Amino acid sequence: MGFHFVPLLLTLLLFSTLPTKSSSQTFKCSSPSTCRSLIDYISPNTTTLSHIKTLFSIKNVRSILGANNLPLSTLPNFTIPAKQPIKIPFTCLCINNTGLSNKQPIYTVQKDDGLYHIAAEVFSGLVTYQEIAAVNNVTDVNLIEVGQELWIPLPCSCDDVDGVKVVHYGHVVEAGSSLEFIAQEYGTSRNTLMKLNGIANGSSLLAGQVLDVPLQACNSSVRIDSLDSPFLVPNNTYFFTANNCVKCKCDAANNWTLQCEPSGKKPSSWSACPAMQCEGGLLTIGNTTTSGCNTTTCAYAGFSGDQNIFTALATQSTCTAPGGSPGNFASRIGLSRNYLFICIHMILLLVYLL
């Protein structure tokens, strides 16, 4: 292996053409644990899911499919047009109050690569060349080795927002977009976006900027002692968990309730998927039964390292709220009649006095 040297003059010229967006894409992160995050990737050229999987060190294409709500039948050679955003799932880690992707993706330096090219073009400006140099202890940004492996520190966060656990999404701002539009699209507020991203003036939003957008997750029954806790799945996404044995999806139209079912896939490290029955053995994960006004679902509640999958019975009432029941309606009619009767008597009394 030799060293690839980028002439200093050429490098300075390239660096002088950096976009006008902020030189730092870092997100604040003080949480002590890791979490799942998302970030936009916009390829400058036509690419495939398989290439994206390799570029971002993702184990399975289905992780990308779930993050983008694409059908599981989508093939790895599925084409992604140039300039089309696609969400990348990854694990976030907090380091010194800053969120960074957990030692991934790993990029292998190619012939004629430079740090600026890797940051601005290969990874479409999701990181800066200075950030790559800092986390990889590159002391001379003009000198990198062909075949050298570089950790690409994607920005992320694991912090709660206003006391609520969310999935932090690195949204790449499109030209002509605004904080109001982004807030409306992703179910948050302009003030929340400004606070999270340290924005003092909303008009300073720049195309290509990576914005920290908090995504609401579906309510789940996952226990705090589960290996995947907190289990956060944002709207219009699905995720495989419990060693690939369970598939869970989030749909806001389903009252923000997480829907899980056996995946039908081979587990990643277990010999087989364990039983997924709820108490009593009548229901398995994803099955529902109705009795009178109550609908009971066998919900996914997490998993442990000793090949156990936890379940819980979740019951919801489908009856009309008490205020709208026929009995109450009749009561309201009775009260109205009494009120009318009193009013008539008051009018008659008034006429008599006059």
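All heavy atoms count here, side chains included; hydrogens, waters and symmetry mates do not. The model shown is predicted, which means the values in this text are computed figures rather than measured ones.
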Side chain to side chain contact (heavy atoms under 4.5 Å, CB included) against N136, all qualifying residues, sequence neighbours excluded
I132, V138, L150, W151
Just so I know, are the side chains of L100 and P155 near enough to count as touching, which here means a heavy-atom distance under 4.5 Å?
no
For the pair C298/C278, is the SG to SG distance below 2.5 Å?
yes
Name the residue from T297, T289, T296 that meets the side chain to side chain donor-acceptor pair (under 3.5 Å) definition with T315.
T296
Using a 4.5 Å cut-off on heavy atoms from C-beta on, say whether the side chain of L193 contacts that of I199.
no
Return yes when atom CD of E174 has more than 12 non-hydrogen atoms of other residues, nucleotides or ligands closer than 6.0 Å, and no otherwise.
no
Side chains of Y169 and D40: any donor to acceptor distance under 3.5 Å?
yes
Would you say the ring centers of F303 and F310 fall short of 6.0 Å from each other?
no
Check whether the ring centres of F56 and F90 lie less than 6.0 Å apart, and answer yes or no.
no
Is it true that S50 and N77 share a donor-acceptor pair across their side chains at a distance under 3.5 Å?
no
Does a donor on one side chain sit under 3.5 Å from an acceptor on the other, for T192 and S189?
yes
Between L179 and L211, is a side chain to side chain contact (heavy atoms under 4.5 Å, CB included) present by the stated rule, with each step listed?
CA-CA 10 Å; L179 286 176; L211 199 68; 4.0 Å; yes
Tell me yes or no: between the side chains of N102 and T34, is some donor less than 3.5 Å from an acceptor?
no
Are side-chain N/O atoms of D113 and Y107 paired as donor and acceptor at under 3.5 Å?
yes
Evaluate whether the separation between SG of C218 and SG of C250 stays below 2.5 angstrom.
yes
Do T98 and F27 have side chains that get closer than 4.5 Å, going by heavy atoms?
no
Whether the N294 and S291 side chains hold a donor-acceptor pair (N or O, under 3.5 Å, no angle test) is what I'd like checked.
no
When you take the SG atom of each Cys, C248 and C260, is the space between them under 2.5 Å?
yes
I'd like to know if L196 and L126 are part of one continuous hydrophobic network [Ile/Leu/Val/Met/Phe/Trp/Tyr, side-chain heavy atoms within less than 4.5 Å].
no
Can you pull out every disulfide (SG to SG under 2.5 Å) where at least one residue sits in residues 44-84? Sequence neighbours excluded, please.
none
For the cysteine pair C245 and C273, state whether the SG atoms are less than 2.5 angstrom apart.
yes
